[in-house]
There are 2 protein chains.
Amino acid sequence: MRDDRFCNSNCPFTRAIGTIGNKWKPMIINVLGNRSIRFGQLHAIVPHISRKVLTEQLKELEEDGLLERLAYKELPPRVEYKLSEKGLAFLPILEYIKEWNLKYEVALIPKETDYQYGSKTKDDAPVF
Amino acid sequence: MRDDRFCNSNCPFTRAIGTIGNKWKPMIINVLGNRSIRFGQLHAIVPHISRKVLTEQLKELEEDGLLERLAYKELPPRVEYKLSEKGLAFLPILEYIKEWNLKYEVALIPKETDYQYGSKTKDDAPVF
DNA sequence: ATTTGTGGTTACCTACTAGTAACCAGAACA
DNA sequence: TGTTCTGGTTACTAGTAGGTAACCACAAAT
């Protein structure tokens with residue numbers, strides 16, 4: 001998921017993109033916000049992600065110092081994830097992206113299927 | 001390359017990530033900056049990208065209103081790409097990412113190969 | 001007559017991403 | 001006794017991203 005060629009570049013921007021330049025990581029960071037969230041909740045909130053991919057992404061985010069993993073020695077197990085200082089510092093950037101999208105996004109023509117069974121939102125991401 | 005499930009979400013952030021949430025698009029936007037650049041130059045500057053993928057990404061960026069394509073009716077052909085207002089508005093976000101990375105990035109242990117032949121930069125992205 | 005330059009497009013193939021389903025521990029509860 | 005709960009891991013598989021190489025038009029230069 002990380003792009004090693006990008007991560008080994010001597011351009012700091014290229015390295016940053018190599019680290020967080022995919023769709024899952026910004027989503028996860030955004031969902032985390034400044035909360036502490038358990039694995040199961042994360043899986044329920046992040047749209048369309050499988051447990052396997054979520055595990056992988058969380059592992060990479062931890063390796064890159066964006067979040068902290070806190071595992072309680074209980075049964076059944078409990079693991080909480082929260083952003084590190086580095087991860088928290090990334091949140092404002094996500095806010096700018098939201099604002100940018102709201103301001104410039106071209107209006108979408110909704111598909112007919114979006115209305116076929118009334119207002120279905122089950123497949124949609126919650127709005128934070 | 002775009003993620004349709006993300007793009008059809010009713011969360012503006014999710015839609016934004018569905019549109020520009022990969023590694024190529026931020027790179028291309030960053031390389032474009034506020035210049036007007038030809039396809040060949042773009043291909044030479046954006047690190048590691050193939051002509052095929054560059055074509056695809058540029059097409060999507062144009063469809064999403066982030067850039068403008070100006071084709072001159074000459075032979076050999078000449079095509080220039082430049083950011084639209086929407087694309088230009090995205091540049092500050094990339095600046096924040098650069099700053100964020102410089103501030104928080106964990107120091108990498110350089111590989112020996114990085115030094116083997118002196119300061120080689122041919123595989124690296126230019127620093128803007 | 002042939003080569004060069006430009007901005008693609010296309011077919012083909014490989015390598016990786018990501019989904020699915022099964023499985024695990026071990027305590028609590030019915 | 002069996003089921004449930006949690007946070008994974010693993011093996012297998014489908015789908016797709018992306019690389020490579022060949023090809024195109026046609027003018028100008030060699």
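First the proteins, then the strands, lettered A, B, ... as listed; each starts at 1.
The distance from atom OH of Y72(B) to atom P of dG7(C) is 11 Å, rounded to the nearest whole Å. With rounding to whole Å, K23(A) atom NZ is found 12 Å from dT17(C) atom P. Whole-Å rounding puts the E74(A) CD to dG26(C) P distance at 15 Å. In this entry the distance linking CG of N22(A) with P of dG18(D) reads 12 Å, nearest Å. M1(A) has its CE atom 11 Å from the C1' atom of dA17(D), to the nearest Å. With rounding to whole Å, K73(B) atom NZ is found 13 Å from dC26(D) atom P. Look at CG on D3(B): it is 16 Å from P on dG15(D), rounded to the nearest Å. Atom CD in E56(A) sits about 11 Å away from atom C1' in dG19(C), given to the nearest Å.
Taking only side-chain atoms of P77(A), from C-beta outward, the nucleotide of dT6(C), dC5(D), dG7(D) with the closest atom is dG7(D).
Taking both residues in full, the closest heavy atoms of Y81(A) and L32(A) are given as O-CD2, 3.4 Å, listed atom of the first, atom of the second, then distance.
Looking only at side-chain heavy atoms (C-beta outward), D3(B) and H48(A) stay at 4.5 Å or farther from each other. When side chains are defined from C-beta on, F39(A) counts as touching L58(A), because their heavy atoms get closer than 4.5 Å.
Relative to the axis of its first five pairs, the axis of the last five pairs of the helix from dA1(C)-dT30(D) to dA30(C)-dT1(D) sits at 20°, rounded to 10 degrees.
Shown here is K82(A), whose NZ atom has no more than 12 heavy atoms of other residues, nucleotides or ligands within 6.0 Å. Around CD of E85(A), the count of heavy atoms belonging to other residues, nucleotides or ligands within 6.0 Å does not exceed 12.
The backbone N or O of P26(B) lies less than 3.5 Å from no partner atom in the side chain of N30(B), so there is not a single donor-acceptor pair.
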Are there any protein N/O atoms within less than 3.5 Å of an N/O atom in nucleotides 8-12 of chain D, and if so, which ones and at what distance?
from: dG8(D); atom 1: OP1; to: R69(A); atom 2: NH1; distance (Å): 2.4
from: dG8(D); atom 1: OP2; to: Y81(A); atom 2: OH; distance (Å): 2.6
from: dG8(D); atom 1: N7; to: R51(A); atom 2: NH2; distance (Å): 2.4
from: dT9(D); atom 1: OP1; to: K59(A); atom 2: NZ; distance (Å): 3.4

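Atom CG of D64(A) and atom CD1 of I20(A) lie 10.0 Å apart (nearest 0.5 Å).
Considering only side-chain N and O atoms, R38(A) lies under 4.0 angstrom from the phosphate OP1 or OP2 of dG7(D).
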Report task. Begin with the C-alpha distance, continue with both residues' side-chain angles, and end with the deciding distance and a verdict on side chain to side chain contact (heavy atoms under 4.5 Å, CB included) for F6(A) and M27(B). Result -> CA-CA 10 Å; F6(A) 278 40; M27(B) 281 299 306; 3.6 Å; yes
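Comparing W24(A) and L75(A) along DNA chain C, the residue whose closest nucleotide (by nearest heavy atom) sits nearer the 5' end is W24(A).
Looking at residues two or more places apart in sequence or on another chain, you find a side-chain hydrogen bond (donor to acceptor under 3.5 Å, both in side chains) between E95(A) and K98(A).
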